2 protein chains.
Amino acid sequence: MDRPADDLTARARIRDAAINLFTERGIEAASIRDIAAEAGVSSGLVRHHFGSKQALREACDQYAKERMLQIGEELVFQGGAARTDVATMHPVTLPLQTYLVRSMMDGSDTATALFLEMVDAGEDFTKTLPREPSDVRAYAAVLAAMKMGVFVLRDQVSEAIGEDIASPTGYARLTKAMLDIFTIPVMTPEQLEQLQKYSEEH
Amino acid sequence: MDRPADDLTARARIRDAAINLFTERGIEAASIRDIAAEAGVSSGLVRHHFGSKQALREACDQYAKERMLQIGEELVFQGGAARTDVATMHPVTLPLQTYLVRSMMDGSDTATALFLEMVDAGEDFTKTLPREPSDVRAYAAVLAAMKMGVFVLRDQVSEAIGEDIASPTGYARLTKAMLDIFTIPVMTPEQLEQLQKYSEEH
DNA sequence: CAAACTACTACACGATCGTATAGTCAAGAG
DNA sequence: CTCTTGACTATACGATCGTGTAGTAGTTTG
């Protein structure tokens, strides 16, 4: 995960193992014993370092969020997009994002706070667009949800395109597709009009 | 859920309760006892009707998928978009989609199959676009993942826009925002060029 | 040197899980 | 009438869960 070299303590290994298993199996389904086994320690040590499963989870939330923002900071280039947006496009953050979405789904305040920060940043960005949407807040919220949401279906997208999106070429195809979606209108003006008319009738 | 009137048997109530709790808490975290309690029956009856938790889950997958397609069929209007795309836009399918994504995340073959069908349909649709993306398959896959993925962050989107997206006005704002995202380019051509150049360098 | 602290393991606890079994009750068949 | 069948409940089982406790080894501190 591209982490600092002195971060290989047992505590760090437990946290990494927890993020992995929480992501793969869901938070409830990942047991402390399995996390300990993956980290190569006893289950008692997990409790020693983190106190409880809930506290372990919050430590993972905090770490994932901080790493996301930290990577975003490092990547900001010549006054371009917001740091959160840059971070979401970088492959290193893929496992972090996937974890954060899973944690969000299971009611993490920390992860939800990060989401709201992304929406705020996206809202400011949206106002700079040449054509401003009517409901800027909703636009930014849905956009953020779409960007994050893609990663929860990572296995399905990988299966659909025939290669793992975590691989270099797969990730390149993913980001290119996202850029295309954000630049090529998905609907023709006629289809849009038809759908809006239809949705007003029902 | 707008279901047929004669579908109020104990079996149906159990299935509905299972879909609700599986969605809210995750599949592993929702116990058979809680599902039985929500359906107003004993836990033994759940086993009697469905055999095992895994079988109950597969029945829910099957039901949710069929309802989605069925609603899509009913909604198809004058030779417009594919039925899956129409279905994803309709408020009735919101809980079904949310469930299916959660089930997908935990490795449901049935739900994944539906996703792949959506990608196939989206691929055909993409080819009719005035401007065709270079990687049609990846484009369709990411688009489908984005549409589905929004709903896993339903609570977060609701919090961001200040009202429940399941409410009529909240859902209207959500769909409008999705339409805007799909018609208004999120990036200016300069930003796109800058980002592509950057991603080639790294 | 002794005391204290930290990293760590082993093991036992109550609770809850999915599952299994036995039995009740009502309706229909012969 | 008896017999069968299906919907349904009550209860018990082994396994696994998060957590608690006791203890060891090594280092630090006074």
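On a predicted model such as this, the values are computed, not experimentally measured, just so you know. Here is the naming used below: chain letters follow the sequence lines, and residue numbers restart at 1 for every chain.
Taking a heavy-atom distance under 4.0 Å as the criterion, the stretch of DNA chain C touched by chain B extends 5' to 3' from C/dC17 to C/dT21.
The shortest side-chain heavy-atom distance between B/R25 and B/D34 falls under the 4.5 Å cut-off. No side-chain heavy atom of B/M104 sits less than 4.5 Å from a side-chain heavy atom of B/L114. Using a 4.5 Å heavy-atom cutoff, the side chains of B/K176 and A/D135 are not in contact.
B/A30 comes within 4.0 angstrom of sugar-phosphate atoms only, judged by non-hydrogen atoms across all strands, and of no base.
Checked for salt-bridge contact, A/K65 and A/D61 miss the test: no charged N lies under 4.0 Å from a carboxylate O.
Atom CZ of A/R47 and atom P of D/dT19 are 7 Å apart (whole Å).
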- request: Mind running side-chain hydrogen bond (donor to acceptor under 3.5 Å, both in side chains) on B/T112 and A/E159 for me, showing each step along the way?
  value: CA-CA 9 Å; B/T112 298; A/E159 191 172 335; 5.4 Å; no

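Side-chain contact check for B/T110 and B/E58: no donor-acceptor pair (N or O, by modelled atom type) lies under 3.5 Å.
More than 12 heavy-atom neighbours from other residues, nucleotides or ligands sit within 6.0 angstrom of CG on B/D124.
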task: Starting at the 5' end of nucleotides 5-12 of chain D, put B wherever the base has a protein heavy atom under 4.0 Å, S where only the sugar-phosphate does, and a dash everywhere else.
output: --BBB--B

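Checked against salt bridge (charged side-chain N to carboxylate O under 4.0 Å, His left out), A/D155 has no partners two or more places apart in sequence or in another chain.
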